[in-house]
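Below is one structure; the comments refer to it alone.
Residue numbers start from 1 in every chain, and the chains themselves are labelled A, B, ... in the order their sequence lines are given, proteins ahead of strands. Quick note: numbers below take in every heavy atom, side chains included, and nothing from hydrogens, waters or symmetry partners. All of these numbers come straight from a predicted model, not from anything done at the bench.
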Number of protein chains: 2
Amino acid sequence: MTDTKVRNMEEFAALSGISRPTVSKYFQDPESVRPSTRSRIEKALERYDYRPNIYAVNQNRRLTKNVGIVVPYLTDPFFAEIARKIEERFSEAGFRPTMYSPYGQPDAESEILDSLRSLKPAGVLFAPLGRASDRGALEKFCADVPTVLFDSNLEGIGEAFVGSDNFSFVSQTVEYLVRTGAPPCFFEMRTPANPNANKRRAAYLETMQEFGHEPLVLKIDGEGWAFEEIGREGARRILESGGFPRDTVLCSNDRLAIGLLSACYEKGLRVGRGEGCALRVASHDDHPFAKFTCPSLTTAAHDYDAVAIRAVSTLHELIEAGGSFARRDETLFPAKLILRSSA
Amino acid sequence: MTDTKVRNMEEFAALSGISRPTVSKYFQDPESVRPSTRSRIEKALERYDYRPNIYAVNQNRRLTKNVGIVVPYLTDPFFAEIARKIEERFSEAGFRPTMYSPYGQPDAESEILDSLRSLKPAGVLFAPLGRASDRGALEKFCADVPTVLFDSNLEGIGEAFVGSDNFSFVSQTVEYLVRTGAPPCFFEMRTPANPNANKRRAAYLETMQEFGHEPLVLKIDGEGWAFEEIGREGARRILESGGFPRDTVLCSNDRLAIGLLSACYEKGLRVGRGEGCALRVASHDDHPFAKFTCPSLTTAAHDYDAVAIRAVSTLHELIEAGGSFARRDETLFPAKLILRSSA
DNA sequence: TGAAATATTTTACGCGCGATAAGTTTTGAT
DNA sequence: ATCAAAACTTATCGCGCGTAAAATATTTCA
């Protein structure tokens, strides 16, 4: 590689012996030029290592190749993992994905949308905070930018939704717990941040009804996104005031369960399905750490890959459709029950 | 807010009754225009909600307000947490931080640097993969872009380094374990990805020597970044072939320890410092999940905040210094011992 | 009140590339 | 060899803004 620094496309075109418009065409789609020209450009590319100025490109293109990925809490490995899968797929498809997270703060979410808008992205995959989101801000954003919601559905917002079927999660765990032991009580936050939590509670109530068992919901206090801490404190309080009302607990999500398990361990309460176990615990999500809890956590798993793949392909379709669908599709993937040691 | 859509700065300037160059000046630094002008612009801003085109701005400015944050593995809550803190501070300072992660892959790391370079960032905070990094690529990058390394130090790369003092981590844990019980063996990967691991081993050897104890290093097999899994498998193998050679184990990092604890639980081996405990386990990092392991993990904590704050301020200084320092400074923050139940 | 100091306006150019139109060459099938 | 289609070249414009120089207006302070 020669060290002649190439200032712009004009210069690079001269060096490769091709006209600038053709070089421009090449960078927009290498297949769109004749093989012989392509190889000449690529040879020059090896020698001079030029890349089009991304700002000039984006200023002039009708549509950028940027896509936004927004998740509510990026330090949660669950979201980090799904964001990663989505990011990977976009990169492969030649887009420039950028990740954003409001870390639970509604005003930060609105700010992200504002700054995202000014990036003129081709599209956005958006997992909203949920209850706390500023609905008006989201609607305005979605009116301007092709947006697909994932993970957490807000009715009427975005051109489509891709996520997991909460009913499938809960019906499977409840069915399993009932079949192999006793009907569970349901362990959740009093004021969940996420609409999925409400759907899970509803599914619990419905499924228990169906099986002819009395439902019992334990609502624990706590605000914010420190779910493990909240789960642990909630469980401690229950254990210190007489213990759980049933010998089987179904947690709304794995992060609460992680906290609960830690409280049980601390109190010397043995969790699992074997001899000498006082409590069975199951949960939902298959959080990346659920394999390493003590005992390892029986849970219903998201189909991470399916959600990521479908979310990306749906956004692709949306972009190609010009930014809007005739109908707002909702795709829900079923859960897969993962049997481990906790129940 | 009126719904007249403002196309560009020209139009907005006309609407606010100020000339375009002055409006341009305002957006670069609101303090640089007369208060009376400023308030006129801001009044217009409330009515018309205009924002300068980010691509046109960045194309023409000598230096963008972009900064890059690169961490080796973003789905690791440890990195996610520190990246978050850094991101937050840059946002407050009026920069546009963007996060990148190669997820352990050296070629992805080089690609990130390439695409980062084309963003013409004012500076980059970079936590390299370590051993696997393509040193040549990093050097070339750092020659063009003001870069400060953090977390993981590669000698001679970047204009400065900010991180934690590995010796301080290990000397504190070893001292504590020796003082309150017995000298630990050291549990680590055979081929650690990160230079910090080597420094920790060296610190272990040195500290044990100093205390007059025979060091003992257990090297477990495994490749990649699935440290919990690797730690668990390594511990299983040890437990199944006679158990740990000492009753105290010091893990190189918390993620390995999480795996080890899970293996111990599985095998019915009670970990902790009380009666009936067969093993004491301590570690390093204070991973966000270390509070929730069973038992909770005694560990040496990074000063996350100090590292984040110093990394950001160092990069600020570097940018203001025009991109290079006279001397490559290395800032190391000491660890803080966190006593929990595992040792 | 007046002159110097500071802000603002006017004017004009450039950044690097996308897009388009009109003319020229190359291609590949007859 | 012929000819139309495909690919390329040349020329030119526009995107939205930064920046600089010169002219003008406003403020500041004696």
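Atom C1' of nucleotide dA25(D) and atom CD1 of Ile18(B) are separated by 13 Å, given to the nearest angstrom. Rounded to an integer number of Å, the gap from Arg51(B) CZ to dG16(D) P is 16 Å. If you take CG of Asn53(A) and P of dC17(C), they are 6 Å apart, rounded to a whole angstrom. Distance, Ile41(A) CD1 to dC8(D) C1': 11 Å, rounded to whole Å. For Glu10(B) and dG18(D), the CD to P distance is 12 Å, given to the nearest whole Å. Straight-line distance from the CZ atom of Arg7(B) to the P atom of dC17(D): 12 Å, rounded to whole Å. Rounding to whole angstrom units, CG of residue Asn60(A) and C1' of dC17(C) are separated by 5 Å. Atom CZ of Arg40(B) is separated from atom C1' of dT9(C) by 12 Å (rounded to the nearest Å).
Residue Arg62(A) is classed as a sugar-phosphate contact, given heavy-atom separations below 4.0 Å to backbone atoms only. No engagement by Ser36(A) is indicated, since no non-hydrogen atom pair under 4.0 Å with the nucleic acid exists. Counting any heavy atom pair closer than 4.0 Å across all strands shown, Ser24(A) reaches sugar-phosphate atoms only and no base atom. When heavy atoms are screened at a 4.0 angstrom cut-off, Tyr50(B) is found touching the sugar-phosphate backbone but no base atom.
In the displayed structure, Arg89(A) atom CZ is contacted under 6.0 Å by at most 12 heavy atoms of other residues, nucleotides or ligands. Counting non-hydrogen atoms of neighbouring residues, nucleotides and ligands closer than 6.0 angstrom, the CZ atom of Arg7(A) reaches no more than 12 such neighbours.
Both Val57(B) and Pro35(A) lie near DNA chain D, and the one whose nearest nucleotide falls closer to the 5' end is Pro35(A). Residue Lys25(A) is the one, among Lys25(A) and Pro52(B), whose nearest nucleotide of DNA chain D lies closer to the 5' end (criterion: closest heavy atom). With DNA chain C read from its 5' end, the first of the two nearest nucleotides for Arg20(B) and Gln59(B) is the one closest to Arg20(B).
Considering only side-chain N and O atoms, Thr37(B) lies under 4.0 angstrom from the phosphate OP1 or OP2 of dT8(C). Note on Gln28(A): every side-chain N or O is 4.0 Å or more away from OP1 and OP2 of dC17(C). Taking 4.0 angstrom as the limit, Thr22(B) places a side-chain polar atom (N or O) nearer than this to OP1 or OP2 of dT9(C).
Taking the side chain of Arg61(B) as heavy atoms from C-beta on, and the options dG18(C), dG18(D), dG16(C), the nearest nucleotide is dG18(D). Of the candidates dT26(D), dT27(C), dT10(D), the closest approach to any side-chain atom of Arg34(B) belongs to dT26(D). Set against dC8(D), dG16(C), dT10(C), the side chain of Val33(A) has dC8(D) as its closest nucleotide.
A donor and an acceptor atom, one from each side chain of Ser24(A) and Gln28(A), are located under 3.5 Å apart.
Closest of all the heavy-atom pairs between Pro97(B) and Ile69(B) is CB-CD1, 3.9 Å. Residues Lys120(B) and Thr64(B) share a closest heavy-atom pair of O-OG1, 2.7 Å.
Between Tyr304(A) and Phe78(A), the distance from one ring center to the other falls under 6.0 angstrom.
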